[in-house]
Amino acid sequence: MRTRRAGLIRVLATGTFDLLHPGHLMYLEQSKALGDELVVIVARDANVQHKPRPIIPQEQRLLMVSALKMVERAVLGSERDMFQPIEELRPDVITLGYDQHFDALLLQEELATRGIGARVVRLEEHDPCPLCSSRKIVAKVLEDRLSPTPGSEGTRITP
């Protein structure tokens, strides 16, 4: 566990980060702007239950998020207790994206009961681009690659 220098504000962002897109970048850039150090918890495959299972394996998603310039460190979430890495990382601020399913007040209360004094911030601004959602990217791929085109005999999937 790396320690931080005195006085630095550690911001923690979380997410699945399945198919990286500009919306993820905006969320992480906004998170980074709230402090000096951005640490990201990437959800484990087994813990993603509120939406379809990730397409990209957790280790690859972790590698991609770790490579982003605004991210100082990325870790996989705990399989058993989502608060365990938060307790270890001791962030000053925890950011939630505009569409993340967490209730900010309930999260703040649970953090307080565990002795974690982090402030929870919901980031409402988001990029309305047509492919700023993993779900929309998958739908676009299916539409473009599985839909027959005029004059074709079937699917357009190519190796």
Side-chain angles (χ1 to χ4, degrees), residues 1-5 7-102 104 107 110-111 114 116 118-146 156-159:
M1 176 70 53
R2 284 190 268 171
T3 58
R4 67 180 131 172
R5 289 179 283 158
L8 290 184
I9 296 171
R10 179 174 286 169
V11 179
L12 177 70
T14 67
T16 306
F17 303 101
D18 189 17
L19 301 171
L20 283 179
H21 54 71
H24 289 131
L25 299 180
M26 178 179 243
Y27 166 55
L28 295 174
E29 287 168 348
Q30 289 174 351
S31 296
K32 172 71 178 199
L34 296 176
D36 304 299
E37 176 185 44
L38 178 61
V39 180
V40 179
I41 296 175
V42 176
R44 289 188 178 268
D45 296 340
N47 293 353
V48 178
Q49 298 173 357
H50 58 285
K51 57 185 173 183
R53 295 283 293 237
I55 295 167
I56 307 298
Q58 64 193 26
E59 293 81 9
Q60 187 174 336
R61 291 185 285 114
L62 177 65
L63 180 66
M64 295 298 290
V65 171
S66 296
L68 298 173
K69 68 180 178 180
M70 76 285 284
V71 176
E72 271 73 36
R73 182 173 175 213
V75 298
L76 286 174
S78 169
E79 290 183 286
R80 294 179 189 84
D81 178 6
M82 70 175 247
F83 291 95
Q84 180 259 324
I86 298 171
E87 289 171 333
E88 291 176 7
L89 294 166
R90 308 303 291 183
D92 300 295
V93 178
I94 297 174
T95 59
L96 300 175
Y98 79 98
D99 63 346
Q100 286 182 305
H101 68 282
F102 295 108
L107 178 57
E110 181 62 26
L111 291 168
R114 292 171 176 251
I116 302 168
R119 178 173 56 106
V120 178
V121 176
R122 169 86 56 193
L123 301 174
E124 297 293 345
E125 187 179 348
H126 63 282
D127 192 334
C129 78
L131 294 178
C132 284
S133 154
S134 296
R135 200 169 291 163
K136 290 178 182 177
I137 293 170
V138 169
K140 175 77 170 152
V141 168
L142 292 174
E143 176 186 320
D144 285 2
R145 298 295 186 249
L146 293 180
R156 292 178 20 200
I157 294 180
T158 56

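You'll find the side chain of Val40 reaches within 4.5 Å of the side chain of Val42, heavy atoms only.
Across His24 and Ser134, no two heavy atoms sit closer than the pair CE1-OG, 4.1 Å. Closest non-hydrogen pair, Asp36 versus Gly7, comes out as OD2-O, 3.9 Å. Closest approach of Phe17 to Ile41, counting heavy atoms only: CE1-O, 4.2 Å. Among all heavy-atom pairs drawn from Cys132 and Pro22, the shortest one is SG-CB, 3.8 Å. Closest non-hydrogen pair, Gln100 versus Thr95, comes out as OE1-O, 4.0 Å.
With sequence neighbours left out, Lys136 forms a salt bridge (charged side-chain N to carboxylate O under 4.0 Å, His left out) with no residue at all. Residues passing the ring pair (Phe, Tyr, Trp, His ring centres under 6.0 Å) test with Tyr27: none are found, sequence neighbours excluded. For the salt bridge (charged side-chain N to carboxylate O under 4.0 Å, His left out) test, no residue two or more places apart in sequence or in another chain qualifies with Asp99. In this structure Asp45 satisfies the side chain to side chain donor-acceptor pair (under 3.5 Å) test together with Arg61, sequence neighbours excluded. Shown here are the side chain to side chain donor-acceptor pair (under 3.5 Å) partners of Glu110, two or more places apart in sequence or in another chain: Arg114.
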Item to check | Working for side chain to side chain contact (heavy atoms under 4.5 Å, CB included), residues Val71 and Leu68 | outcome: CA-CA 6 Å; Val71 176; Leu68 298 173; 4.0 Å; yes
Checklist entry - Between Ile94 and Ile86, is a side chain to side chain contact (heavy atoms under 4.5 Å, CB included) present by the stated rule, with each step listed? => result CA-CA 9 Å; Ile94 297 174; Ile86 298 171; 3.9 Å; yes
Item to check | Test log, rule side chain to side chain contact (heavy atoms under 4.5 Å, CB included), inputs Leu34 and Leu123 | outcome: CA-CA 11 Å; Leu34 296 176; Leu123 301 174; 4.1 Å; yes
Checklist entry - Which is it for Val11 and Asp92 under the side chain to side chain contact (heavy atoms under 4.5 Å, CB included) test, yes or no, and what are the steps along the way? => result CA-CA 6 Å; Val11 179; Asp92 300 295; over 6 Å; no
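For the atom pair CD (Gln58) and CZ (Arg44), the distance works out to 5.0 Å, reported to the nearest 0.5 Å. The line from NE2 of His101 to CG of Leu96 is 9.5 Å long, rounded to the nearest 0.5 Å.
Summarising the local packing, CE of Met26 is surrounded by more than 12 heavy atoms from other residues, nucleotides or ligands at distances under 6.0 Å.
A donor-acceptor contact shorter than 3.5 Å is absent between the side chain of Glu124 and the backbone of Tyr98. Between the side chain of Arg53 and the backbone N or O of Val48, no donor-acceptor pair lies under 3.5 Å.
Legend: salt bridge (Lys or Arg N to Asp or Glu O under 4.0 Å) pairs involving residues 14-30, not counting sequence neighbours: none detected.
Taking 4.0 Å as the cut-off between side-chain N and carboxylate O, Glu37 and Arg73 do not count as a salt-bridged pair.
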